[in-house]
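Comments concern the structure below.
The first residue of the sequence shown is numbered 1, and numbering continues consecutively from there. In listed order, ligands and their atoms are each counted from 1.
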Amino acid sequence: MQLKIIDVIVPLPLHGTFSYNVPESMEYPQPGMRVLVPWGTKQLVAIACKKRLTPIDDDIIIKDIIAVLDDRPIVTTEQMALWQWVAEYYMCPIGDVMVAALPTKANDKGFSFSPIAKRRVKLPEYIGEIEDIHIPDLQQSHAMTQIKEQWQQHETVLLHGVTSSGKTEVYMHLIKEQLAADNQVLYLVPEIALTTQLTDRLQRIFGDKVIVYHSRVTDAVRAEIYRQQLYPNAKLIVGARSAVFLPFAKLGLVIVDEEHEPSYKQQDPAPRYHARSVAIMLAKQHGAKVLLGTATPAVESYYNALNGKYGLVVMTKRFAGLQLPAITLIDLQRQYHRKEMYGHFSDPLVARIKEELAREKQIILFQNRRGYAPMMSCTNCGTTPKCVNCDVPMTLHMRTRMLTCHYCGYSSPIPMSCPNCGGTMKIHGFGTERLEDEVQNLFPSARVMRMDLDSTAKKSAYQDIINAFAHHEVDILIGTQMVSKGLHFDDVSLVAVLNADNLFNQPDFRCYERAFQLLEQVSGRAGRKGQQGEVILQTFDPDNPIYKYLQNHDYPAFYQQQIAERKTFYYVPFCRMITVILRHKDENRVINAANFLQTRLMQVFAKRCSVVIEPSVARIQNMHIRTIRLRIEEKANYTLAKQMLKEQIDYIINLPDCKGVQVLPDVDPQ
Ligand code: ADP
Ligand code: ZN
């Protein structure tokens, strides 16, 4: 008798697939359809992925599936292949990829992907005005020609264009051509909530063809987008990283805007994937082209471009002859020494802000910390209030009058005196709230707004702030890196960074790269419409060479300096990195497991394996953390290295002493 066996992927953090029997009376489900299967005493909605006619192992009793839930596949063959690739490359369970990839819980039983499903929602129709794309200027049209030429030889092209060179304009022309050829386009952005200016403009140009996909829209809307994608339909999908998992029927182009942004990498939970890498893989499956765009390329991407792996196209000038902003440094050491400071503002900065306010210009102040101050401590015994769940000082928030943990959200009232000895508490450092207070004291008649995670927690708050600033109802905008993201305001003449050094003082080989990117992006907000903008950086370390590169807007020189360092110290891209994260509630247990794994890895990987590392935040939400880092030669067999790592992980997680310890590989950590 011929058996009907189906292998399925279950939405659980488990590697591999599971075999079930299809009862005689039931249709054989197609790969990509959902099936209901028994799982212990429960039932699970799984995805059918492979038919087979003989069992893998005669000894195993195969259970029957309970029902087939779809009348047509909801996951395409290409998608399943991509899931498989992500699971293997990022060393994570395919069940985790499935959960990340589907728009709603697969077991949402009231929900069906069938075209006649009951619970469908209507996607909003675009009813606003429609406008044309600008006519490209000479540069821009030159860039387009070059991009297309480069695509002849490379699947992926890096477009390195300074801020406001018109990269977005170039994208739009390329999108128009793709849509005209009836191809789909995927336009990835780092964080969709911060790109309303962009999505509005895309909608004015492409109308209903624009579909915005991200985690903030409801499950039902995401499911409807997903469903529509299953039908060949020329559309422009604008989305954050998870949009790479949508079904595509005829994909022609993937744009990865701000390709250097760290938020393209998912940190937690698995799959810990980088959307840029998955996008390149996705494009390869479809024979589509990839365009990576940025003013400040990731060092890895620029390296790939210089080495011929990617094509490279450069736009060095801003649109309409606008100059790049002039960057001035203010030496904080000298200012403090001379007592020429008011709070965290140096006298020259105060003077410049006053002048710009008098000219009715707008100002952006950047400080990469929210809250009032990052910590407080006792002047007598030195006690610092820490989170009960995490090994971090609590951040002072004056608006809520609370100390809050930025890792887990735990809050407690601000102590009036030291909880340990009753001594006087002192506040250290400053965040956006404290700046806001200082600004209000310094410039009492200025209209001030703050843009950070706290002030934009409510749904429309972000948009309200942007609108108020765009309509010049606000003179000074204070914000975290949120203000650095692709916003265009015509009246901003001055951008100031209160403490630029903050960004470099981090124990991470990428911190210079990140700091350069952030400062160059923030600077790019200054100066539109015919006037050169001005950027003031306050720093204790004005001789740091990074400031020269910034002042000259010289990314290639910055890159050369960085790449030389990376080579000397053997970092990415000269090696490939995998961080193994170990977590457990019990510190001793996690230390033991880490030591044990490290010893075994040393035997296999020798000097490629680090010692056990205690991270700077070694406990988060009551989980103690240790890490081990592997550095694999650039040219070595990465797949094999991962296999060897997996064997060792599989070995130790089964040891009684290591029971319950989470051992999580992070491939290409950011
Ligand atoms: P980038 O993406 O490189 O930062 P944008 O594409 O957003 O730059 O362009 C910067 C500004 O210049 C935008 O306001 C845009 O509308 C304007 N702009 C760019 N190219 C043109 C053009 N060819 N005609 C008219 N305006 C343009
Ligand atoms: Zn905490």
Looking at ligand 1, does Gly161 have a heavy atom less than 4.0 Å from it?
-> no

Hey, is the main chain of Val162 close enough, under 3.5 Å, to the side chain of Lys167 for a donor-acceptor pair?
-> yes

Per-residue contact class, Gln140 against ligand 1 - non-hydrogen pairs under 4.0 Å | side chain

For Ser164, the atoms of ligand 1 under 4.0 Å from one of its heavy atoms are 1 (P), 3 (O), 4 (O), 8 (O), 10 (C)

Ligand-side contact atoms (ligand 1) for residue partner Gly166, heavy atom cut-off under 4.0 Å = 1 (P), 3 (O), 5 (P), 6 (O), 8 (O), 9 (O)

Output yes when a side-chain donor or acceptor of Asn552 lies under 3.5 Å from a complementary backbone atom of Asp554, and no otherwise.
-> no

If you count the atoms of ligand 1 from 1 in the order shown, which ones are under 4.0 Å from a heavy atom of Ile135?
-> 22 (C), 23 (N), 24 (N)

The answer for which part of Asp137 has a heavy atom under 4.0 Å from ligand 1 is backbone

Name all residues meeting the side chain to side chain contact (heavy atoms under 4.5 Å, CB included) criterion together with Lys148; count only those two or more places apart in sequence or in a different chain, and write none if there are none.
-> Trp151, Leu174, Glu177

May I ask you to check if ligand 1 and Ser165 share an N or O to N or O distance below 3.5 Å?
-> yes

Is there a donor-acceptor contact under 3.5 Å from the side chain of Ser455 to the main chain of Arg450?
-> yes

Answer yes or no: is there a donor N or O on one side and an acceptor on the other, between the side chain of Arg370 and the main chain of Leu453, under 3.5 Å?
-> no

Hey, is Val162 one of the residues with a heavy atom under 4.0 angstrom from ligand 1?
-> yes

Which residues pass the side chain to side chain contact (heavy atoms under 4.5 Å, CB included) test with Thr456, sequence neighbours left out?
-> Met451, Tyr462, Ile465, Met482

Short side-chain to backbone donor-acceptor contact, His160 and Ala295, under 3.5 Å | yes

Short question: side chain of Ser301, backbone of Pro297 - any donor-acceptor pair under 3.5 Å?
-> no

Can you list the residues that meet the side chain to side chain contact (heavy atoms under 4.5 Å, CB included) rule with Pro190, with sequence neighbours excluded?
-> Glu258, Glu261, Ser263, Tyr264

Using distance alone, with no hydrogens and no angle criterion, decide if Gln367 and Thr432 have a side-chain donor and acceptor under 3.5 Å apart.
-> no

Near the Zn ion (ligand 2) (under 2.8 Å) - protein N, O or S atoms = Cys387 SG, Cys390 SG, Cys405 SG, Cys408 SG

